[in-house]
Amino acid sequence: MDIYNIVRQKIIELVTKRYKKVDQKTLNLITCEQPKNLKFGDLSTNVLMVLKKQNSEDLNDTKIYIINELKSISLFEEVSYIKPGFINFIMKKEVWYKVLCEIIKDINYGFKDLGLNRNVNLEFISANPTGPLHVGHLRGAVFGDVLARLMKKTGYTVCKEYYVNDLGNQIENLYETVKFHFENFNNNSKKKLSEEMYFGEYLKDIAKELINEKININDIKTVKEEIIYKVLNLIKRDLDNLGIIFDNFVSEKDIHDQGLLEEVLAKLNKKNLIYQGVLEKPKGKIDKNWKAEKQLIFKSTNFGDNSDRAIKKNNGEWTYFASDIAYHHNKISRGFDYIINIWGADHAGYVKRVKASLEALGYDRIRFDVKLCQIVNLLENNKSVKMSKRSGNFILINDILKKVDKDIVRFFMLIRKNDAHLDFDIKKCLDESKENPIFYIQYAIARINSLNNHFKKKKLYFSGFNEKSFNKLNSNEINLIKVLSLWPKVIESSVIFKEPHRVVYYLIDLAGAFHNYWSKGNLDSSMRVINESDIELTESRLTILNSLSKVIRSGLDVLAIKPMEKM
RNA sequence: GCUCUUGUGGUGUAACUGGAUAGCAUACAGGUCUUCGAAACCUGUGGUUAGAGUUCAAAUCUCUACAAGAGCACCA
């Protein structure tokens, strides 16, 4: 039961009844929400201000009409009109009783069907299969996983997908590196890895395994496959340790082998969007190696891109972009009508060209959305840890998970909105104090558990929670229900805007509301939850707190974090 | 040069996508445990980069300036 939505629907009904010609756009502007400041009531709507914009006529009659109609639906204690044009409502207490009953009853409280079974392909991480995952992948990993969880719980059919770039120069280099280790494993030659090769002990391990498997290192095709398979297993191990399971891994090589690039090129060619030409020299950084070369080019500027983009290199090989077009084409032909990609912010410049390619292929009905995650700044001992590929200085996810529990890592990855920079401070994660919001949230659950235990120990007996016992509650308790009533909206906006951090912030708020309530008992003993002389009151309070605990658990579950029953 | 992000108290950030007195944490100054868990709570100081515009209403939209970050053939 989303009380705000119920009232909103009612208002929309009233408006359409009175103004037959009112359009959907206007109706969408009508809001019905809990005001930030509760002195304006429990619920507030801007209908009149929205209508005023559309109609020049005097709205006094409308105002009276709407207010009277709303008064008659028996949800409200009071309906009032205030200055700029808000209508504010105060709920009857029994409404909060009903809201509470709903929260108790509904196992999926807060999760509405928003997706209508829409078929979503959610691609994230897609780190190259050249090594285990490192800190740079962490944020996108958690973001994607939690977004998927949210969408699955709200009626979307979600396929979590990982795109494996198992082609190209990097794989050559990977092969060369392993071959190097393979050949130099037992002799103490002083040869060093060359510029292009990959650092990291894991490749020595893989070389050793290949030696043990007695593989022919010059059987390039088989060896490459074997290496990719092994590295991918390292990645899967990391994912597993983070609690992330993918539904599908797609190989770039497969996309090539299936001839999808040719297929896509033919389509674009048919639309006269392909030409042989020379791209302009890029501005910005000066690269001495740059040469003007004739290439096969896609006219992406026709679709809002800043520059046309090469499809084939001068030597006739496909570009990375070409296989990406084919890959997205492949996603759509597999029946997905909603495509979400989660990329690092360094890929921002890539968005336009992929959008352009989809538009060019005529997929304008497909919803395509890219969420960019800003860089994570890893802090250790208050110093920023810089990573670089060349020096082999990588902080692996595995290293982090040795120090910090996965649940805490997940939490901290969502403590900022995706497009804000994120400082990830290992010391703060380990801090078990009020500076650490995850403990603040967990502490609320632990305290509520503790109350339940006390109640049991005292051998008090439940008399059965009902409206009569509910009526013993005061505004402090009702306020907790008001916070709980926001949960459906938090979920909805988290999903619609793809901003899972909202769940985190809500949980902090909710825990705050609880701790505040609890502490009232320190000053005023009548506000202590357990009151042996009034079982009905005690029970009503526990009912609310247990619902609160339930919503916190439900929120933690979205983040895939285990509740701590005791701390 | 161009494109994309982002500018919110001293610091780190949120704001129901345009709503009413901008929320939270930290820092700072005070206060609260013989009693349900003080890993908590309460009170106070302090903020929307600057300027203009649109609007009944702007942190949010538009323009200009300033500042920070990322990207700009091929490679991934």
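Computed from a predicted model, the values in this text were never measured in an experiment.
In this structure, A:Tyr163 and A:Tyr327 have parallel ring planes: the angle between them is below the 30° cut-off, well short of the 60° mark. Relative orientation of the A:His515 and A:Tyr440 rings is tilted, given thresholds of 30° and 60° on the angle between their planes. Ring geometry for A:Tyr350 against A:His347 counts as perpendicular: the plane angle is over 60°, on a 0 to 90° scale with 30° as the lower cut.
The side chain of A:Ile375 lies closest to B:rA70, out of B:rC41, B:rA14, B:rA70. The side chain of A:Asp419 lies closest to B:rU5 when the candidates are B:rU5, B:rC42, B:rG69.
Here the separation of B:rA59 from B:rA14, taken at their C1' atoms, is 11 Å to the nearest Å. Between the C1' atoms of B:rG69 and B:rU32, the separation comes to 44 Å (whole Å). Comparing the C1' positions of B:rU60 and B:rA22 gives a spacing of 12 Å, expressed to the nearest Å. Look at the P atom in both B:rU13 and B:rG7: the space between them is 10 Å, to the nearest Å. As rounded to the nearest Å, B:rA57 and B:rA20 have C1' atoms that lie 9 Å from one another. With C1' as the reference atom, B:rG47 and B:rA38 are 30 Å apart, rounded to whole Å. Remark: the separation of the P atoms in B:rG51 and B:rC16 is 24 Å, to the nearest Å. Rounded to the nearest Å, the gap between the C1' atom of B:rC28 and that of B:rU64 is 38 Å.
Between A:Lys36 and the phosphate of B:rA20, there is a side-chain N or O to OP1/OP2 separation shorter than 4.0 Å. Residue A:Lys417 places at least one side-chain N or O under 4.0 Å from the OP1 or OP2 atom of B:rA15. An OP1 or OP2 oxygen of B:rC16 is reached within less than 4.0 angstrom by no side-chain nitrogen or oxygen of A:His501.
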ask   = Just by protein heavy atoms under 4.0 Å, how would nucleotides 32-38 of chain B read 5' to 3' in B, S and -?
value = ---SBBS

ask   = In the 5'-to-3' direction, what one-character label does each nucleotide of nucleotides 71-76 of chain B receive under the scheme B = base within less than 4.0 Å of a protein heavy atom, S = sugar-phosphate only, - = no such atom?
value = SBBSSB

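In this entry the distance linking CD of A:Glu33 with C1' of B:rA57 reads 13 Å, nearest Å. Rounded to whole angstrom, the span from the CG atom of A:Asp305 across to the C1' atom of B:rC4 amounts to 12 Å. Between the CD atom of A:Gln442 and the P atom of B:rA40 there is a distance of 13 Å, rounded to whole Å. Counting to the nearest Å, the P atom of B:rA25 and the CG atom of A:Leu507 are 15 Å from each other.
Residue A:Lys352 is in sugar-phosphate contact alone, with no base atom involved, counting any heavy-atom pair closer than 4.0 Å across all strands shown. Base contact: A:Gln34 has a heavy atom under 4.0 Å from a base atom. Here A:Asn88 lies in heavy-atom contact (under 4.0 Å) with a base. Residue A:Tyr4 is out of contact with every strand shown, counting any heavy-atom pair closer than 4.0 Å.
A glycosidic torsion no more than 90° from 0 defines the syn conformation, and B:rU17 adopts it. Taking the O4'-C1'-N9-C4 or O4'-C1'-N1-C2 dihedral as appropriate, B:rC28 has a value more than 90° from 0 and is therefore anti.
Note that CG of A:Leu480 and OH of A:Tyr517 are 6.5 Å apart. Values are rounded to the nearest 0.5 Å. Between the NZ atom in A:Lys458 and the CD1 atom in A:Ile535 there is a gap of 10.0 Å [rounded to 0.5 Å]. One finds the CZ atom of A:Phe455 at 10.5 Å from the CG atom of A:Leu451 (value rounded to the nearest 0.5 Å). If you take SG on A:Cys32 and CG on A:Leu43, they are separated by 4.0 Å, rounding to the nearest 0.5 Å. Taken to the nearest 0.5 Å, the CG atom of A:Asp419 stands 8.5 Å off from the CG atom of A:Leu372. To the nearest 0.5 Å, the span separating CG on A:Asn436 from CG on A:Asp425 amounts to 10.5 Å.
Using modelled atom types, one finds no donor on one side chain facing an acceptor on the other under 3.5 Å when comparing A:Thr130 with A:Asn128. Using a 3.5 Å distance cut-off with no hydrogens or angles, the side chains of A:Asn452 and A:Asn546 do pair a donor with an acceptor.
Between A:Tyr81 and A:Phe86, the gap from one ring centroid to the other reaches at least 6.0 Å.
Put simply, A:Phe40 rests on the base of B:rA20: the two rings are less than 5.5 Å apart at their centres and nearly parallel, under 30°.
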task = Mind running ring pair (Phe, Tyr, Trp, His ring centres under 6.0 Å) on A:His328 and A:Phe368 for me, showing each step along the way?
result = CA-CA 10 Å; A:His328 281 89; A:Phe368 176 75; 5.7 Å; yes

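A residue-by-residue look at A:Ser44 and A:Ile415 shows that A:Ile415 has its nearest nucleotide of RNA chain B further toward the 5' end.
Near RNA chain B, meaning a heavy atom under 4.0 Å from it, residues 484-495 of chain A has A:Lys489 in order of number.
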